[in-house]
Amino acid sequence: MVSGRTSVLDLDENELIAGLRSGDERALEALYRLHAGRVYGLGLRLTADPSRAEEIVQDVFLQAWRRIGSFQGRSRFSTWLYRLTVNRALDTMRKDSAGRREALEFESFDRPTRDKPVETTMDLESAIQSLPDGARVVFVLHDVEGYRHEEIAALSGIAPGTSKAQLFRARRLLRARLGKPNP
Amino acid sequence: MTHPEWQEALDAYVNGDLEAQERERLLEHLHGCAGCRGEAEALTRIIKEAALLPRTIEPPPHLWWRIQESLADMPAEAPVTPITRSLSSRLRLAFAGAALVAVFGAAIWIAPRRHETGVTTAAARTDSLGPDVTVISNDAKSQPSEWAQMIWSLERESLTAEQAVFTGLAGHVDAAALARASEVEPALRALDTAINETAEAMRLEPKNSMLAKTLTGYYERKLELLRMAARLASGSWA
């Protein structure tokens, strides 16, 4: 339990997790202050949708609150939390795709997609957001977050080869959207 | 202008995956081709910039209040015992035995997984799997439910597939084959975590069919990966 005399901000993460296990809401708030930026950033980059990203943050921290019992402490808490985030973001995107009666474009790297028209130049963040879903997810997880293709494959249900192909596709689309400095 | 025939090599090059001989050939081409050189530089720049993007983006300040409101309607569950299981010493020894000692690399990447992975167990045991392996049941006095039996069956399949990995590793001391097989390991870890979490959620909501479907999907992916690892380990799939 988090002591009432101690500010939660003074506690280390293990103490906060213990607080969470005992149902102390202040521990959740402290963990939120520590990790919400990363969870939101990941959700926003994966979905390219601020309102979806907010829903993801909310769901992830509520899941952490409800399911802290399933966290065994073998990985870092942040790793567990970010994996919940990725799973939640992918679920959201699959549901959205189903709502649009479109498949999440993981397997469609070799056919025309709803790519936006090429613009002259963009900053990298905007260019990432403009990528098709499948390419964006793989690019964000691999090049921004440092996941390996095998991990991406396991999380998203695609083959590692598809993940690689999506990554190369994403980089080329970004290269086109960021402009061509070469002759 | 870039040359499409060099595109695949360029992708591998910027990824750091190109073998030495191919790399030399590509570098020779890049030396004389401004288009492909520019492409390589641009792709490399994107990779570097992506790695430097800030991981943190501040969420809107109202978000915590929304979470607090939801908490009021959703009290914390009672502390839950972490999931434990399953493939402990007896099975591990039966599968691996002395072969793991001989195949030095294998023990590093597979053995630790065996006691990390698993599904909470409560009731039914099976002699064929040994006393350490039990199946999910929400009620220790009841028969396993249909989904529990299905998951039990998948679990048994995954045990068989893991045995095949060990058999493959025991027959080969080829470091390259081991390295290839070990590439599957991070994905297996991720899946084991997902299986644990989903199984735990199912323990709390045993009638949730969506969770059962999700868990089945995770097991199926795990089986695919294990079969892939077995082929890699046995050298039948270079």
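Within every chain, numbering begins at 1; the chains are lettered A, B, ... in the order of the sequence lines, protein sequences first and strands thereafter.
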* Check A:Ala135 against A:Arg169 and note the closest heavy-atom contact, atom names and distance. => CB-NH1, 3.9 Å

* Asked: Between atom CZ of B:Arg55 and atom OH of A:Tyr82, what is the distance when rounded to the nearest 0.5 Å?
  -> 9.5 Å

* **Where B:Trp64 and A:Glu29 come nearest, the two heavy atoms and their spacing** => CZ2-CB, 3.2 Å

* Checking side-chain hydrogen bond (donor to acceptor under 3.5 Å, both in side chains) for the pair B:Arg66/B:Ser70: CA distance, chi angles, key distance, verdict? -> CA-CA 6 Å; B:Arg66 270 172 45 189; B:Ser70 302; over 6 Å; no

* To do: Check each atom of B:Ala51 against the heavy atoms of chain A and say whether the ones under 4.5 Å are side chain, backbone, both or neither.
  => both

* To do: Please flag which part of B:Glu8 lies under 4.5 Å from any non-hydrogen atom of chain A: side chain, backbone, both or neither.
  => neither

* Ignoring hydrogens and angles, tell me if any N or O in the side chain of A:Arg136 forms a donor-acceptor pair with the backbone of A:Ser130 under 3.5 Å. => no

* Evaluate the ring planes of A:Phe77 and A:Phe71, with Trp represented by its six-membered ring, and classify them as parallel (under 30°), tilted (30 to 60°) or perpendicular (over 60°). => perpendicular

* **Spacing of CG belonging to A:Asp24 relative to CD1 belonging to A:Ile17, to within rounding of 0.5 Å** => 13.5 Å

* To do: Say whether, by atom type as modelled, one donor and one acceptor occur between the side chain of A:Glu151 and the main chain of A:Arg148 under 3.5 angstrom.
  => yes

* Most contacts with chain A, counted as non-hydrogen pairs under 4.5 angstrom, among B:Leu43, B:Leu10, B:Val14, B:Leu52 -> B:Leu43

* To do: Carefully, step by step, assess B:Glu39 and B:Gln7 under the rule side-chain hydrogen bond (donor to acceptor under 3.5 Å, both in side chains).
  => CA-CA 9 Å; B:Glu39 182 83 353; B:Gln7 184 170 313; over 6 Å; no

* Of all of A:Arg83, A:Lys164, A:Arg171, which one pairs up most often with chain B through heavy atoms under 4.5 Å apart? -> A:Arg171

* Asked: Considering only heavy atoms, which portion of A:Tyr147 lies under 4.5 Å from any heavy atom of chain B: side chain, backbone, both, or neither?
  -> neither

* A:Asp59, part contacting chain B, at a heavy-atom distance under 4.5 Å -> neither

* Residue among B:Leu191, B:Ile57, B:Ile67, B:Leu53 with most heavy-atom pairs under 4.5 Å to chain A -> B:Ile57

* To do: Let me know if A:Leu44 has heavy atoms under 4.5 Å from chain B in its side chain, its backbone, both or neither.
  => side chain

* Output the residues of residues 45-52 of chain A for which the shortest heavy-atom distance to chain B is under 4.5 Å, in residue-number order; output 'none' if no such residue exists. => A:Arg45

* Toward chain B, the part of A:Leu28 with a non-hydrogen atom under 4.5 Å -> both

* Asked: Does the A:Arg88 side chain pair with the main chain of A:Ile56, one donor and one acceptor, at a distance under 3.5 Å?
  -> no

